[in-house]
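So the structure is just underneath, and the comments pick up after that.
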Protein chains: 2
Amino acid sequence: MTAERVPPAQLAPQLRDAITRLNRRVRQARPVGDLTVTQLSALTSLKLAGALTPRELADIERVQPPTMTRIVAKLEERGLVQRTPHPTDGRQVILAATEGARAVLEKFERARDEWLASRLEALGEEERDTLRRAAEILQQLARA
Amino acid sequence: MTAERVPPAQLAPQLRDAITRLNRRVRQARPVGDLTVTQLSALTSLKLAGALTPRELADIERVQPPTMTRIVAKLEERGLVQRTPHPTDGRQVILAATEGARAVLEKFERARDEWLASRLEALGEEERDTLRRAAEILQQLARA
DNA sequence: CACAGTCGTTAGCTTATCTAATGAGCATGG
DNA sequence: CCATGCTCATTAGATAAGCTAACGACTGTG
């Protein structure tokens with residue numbers, strides 16, 4: 001398989017188009033539980049990291065701090081996030097996923113990304129491999 | 001390059017993660033002109049198709065009709081979309097990009113997807129090729 | 001210990017999206 | 001030839017998701 005020369009200026013619009021449209025689709029399919037994609041993502045990051053300050057979580061999720069304040073507030077309302085004061089720095093707050101969150105996330109893990117997964121099943125092995133490699137690159141781009 | 005077996009249930013979360021995060025990033029970088037990504041996408045689809053009803057455009061953009069009503073309203077305010085009555089069906093409306101829109105789109109074409117394109121430049125030829133193939137698959141998924 | 005910087009939040013705005021309901025118009029089956 | 005049911009676009013109303021600006025509490029340093 002020879003790599004084709006791909007001019008970035010041409011790839012960018014196509015990639016953006018694919019991402020925005022697919023993103024809409026993924027957001028639409030929001031069945032199980034009432035967590036939104038954004039909330040689920042934040043909660044998952046928090047669970048993976050163990051404990052984080054709002055700022056750190058915002059950086060990971062690529063949103064501004066005030067946005068994360070809101071997301072966390074929603075999650076706290078549902079009893080999925082616990083807030084404890086930082087032991088030495090009075091400005092900071094430590095966020096952690098609660099036991100309840102673990103249960104919710106496990107439920108999600110089973111039904112997770114149902115729509116997307118079913119579409120992926122319809123693809124060939126090779127296409128999925130392309131997407132796997134692409135996902136890594138895209139994550140890297142998002143981090144940059 | 002041997003294709004690796006990729007279980008969809010594992011790929012889905014990673015892909016969704018990559019897509020949502022990158023989508024946030026792309027939205028954030030909204031420099032030239034005051035068209036949002038959503039508006040730009042709708043306008044481009046409209047220009048490519050020539051003329052469409054709101055329903056058709058909504059289907060292409062993967063949004064519900066009321067959402068498209070709003071997007072079109074914004075574009076119409078700016079004089080970028082023209083609305084003419086359907087010749088035979090009084091319920092329908094025909095949307096078309098105006099001359100002004102063509103000018104705006106051309107300007108965008110030059111500065112287009114600046115942030116994304118610059119990131120893509122930093123990648124290797126092979127990675128870009130992976131993304132190109134992935135973009136096609138993703139567009140196909142979004143359409144499905 | 002004053003002052004500059006950091007942290008989280010509040011306030012206020014915009015965009016993006018949905019569902020439900022409405023009203024106009026069409027098309028068809030008696 | 002018209003009543004009835006569908007389709008189309010829009011309005012109405014809600015929510016989520018994001019931003020910037022500004023604020024108040026706190027820290028840490030000179």
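In what follows, every chain begins at residue 1, and chains take the letters A, B, ... in the order their sequences are listed.
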Earlier contact from the 5' end, DNA chain D, for B:T20 and B:R83: B:R83
Whole-Å distance separating the CE atom of A:M68 from the P atom of C:dC7: 15 Å
Rounded interatomic separation in angstrom, taking CD from B:E61 and P from C:dT17: 9 Å
Axial bend angle, the helix from C:dC1-D:dG30 to C:dG30-D:dC1: five-pair end segments, nearest 10°: 10°
Contact pattern, 5' to 3', of nucleotides 19-30 of chain D - B, S or - by protein heavy atom under 4.0 Å: BBB----BS---
Separation of D:dA16 C1' from A:I71 CD1 (nearest whole Å): 9 Å
Spacing of A:L75 atom CG relative to D:dA16 atom C1', expressed in whole Å: 13 Å
Exercise: identify the closest heavy-atom pair between B:L116 and A:A12: CD2-O, 3.5 Å
Interatomic distance, B:Q92 CD vs D:dT10 C1' [rounded to whole Å]: 14 Å
A:T38 side-chain N/O to D:dG18 phosphate OP1/OP2 under 4.0 Å: yes
Interatomic distance, B:K74 NZ vs C:dC13 C1' [rounded to whole Å]: 12 Å
Whole angstrom value for the distance that separates C1' of C:dT6 from CG of A:D59: 13 Å
Among A:E136, A:R133, A:R132, the one residue meeting side-chain contact (heavy atoms from CB on, under 4.5 Å) with B:T130: A:R133
Check: A:Q92 main-chain N/O paired with A:T53 side-chain donor or acceptor under 3.5 Å: no
Check ion pair A:R102-A:E99 (N to O, under 4.0 angstrom): yes
Minimum heavy-atom distance between B:A142 and B:R62, given as atom pair plus value: O-NE, 3.0 Å
Heavy-atom closest pair, residues A:S45 and A:I60: OG-CG2, 3.8 Å
Under-4.0 Å side-chain N/O to phosphate OP1/OP2 contact, A:T36 with D:dA17: yes
Nearest atoms (heavy-atom pairs only) where B:D89 meets B:R91: OD2-NH2, 2.6 Å
A:T53 vs C:dG8: side-chain N/O to OP1/OP2 distance below 4.0 Å: yes
B:L138 to A:L131 - nearest heavy-atom pair and separation: CD2-CD2, 3.8 Å
Pairs meeting criterion salt bridge (Lys or Arg N to Asp or Glu O under 4.0 Å) with involvement of residues 36-52 of chain A, two or more places apart: A:K47-A:E109
5′-ward residue of the pair A:V72/A:N23 relative to DNA chain C: A:V72
A:L57 CG to C:dG8 P, straight-line distance once rounded to whole Å: 10 Å
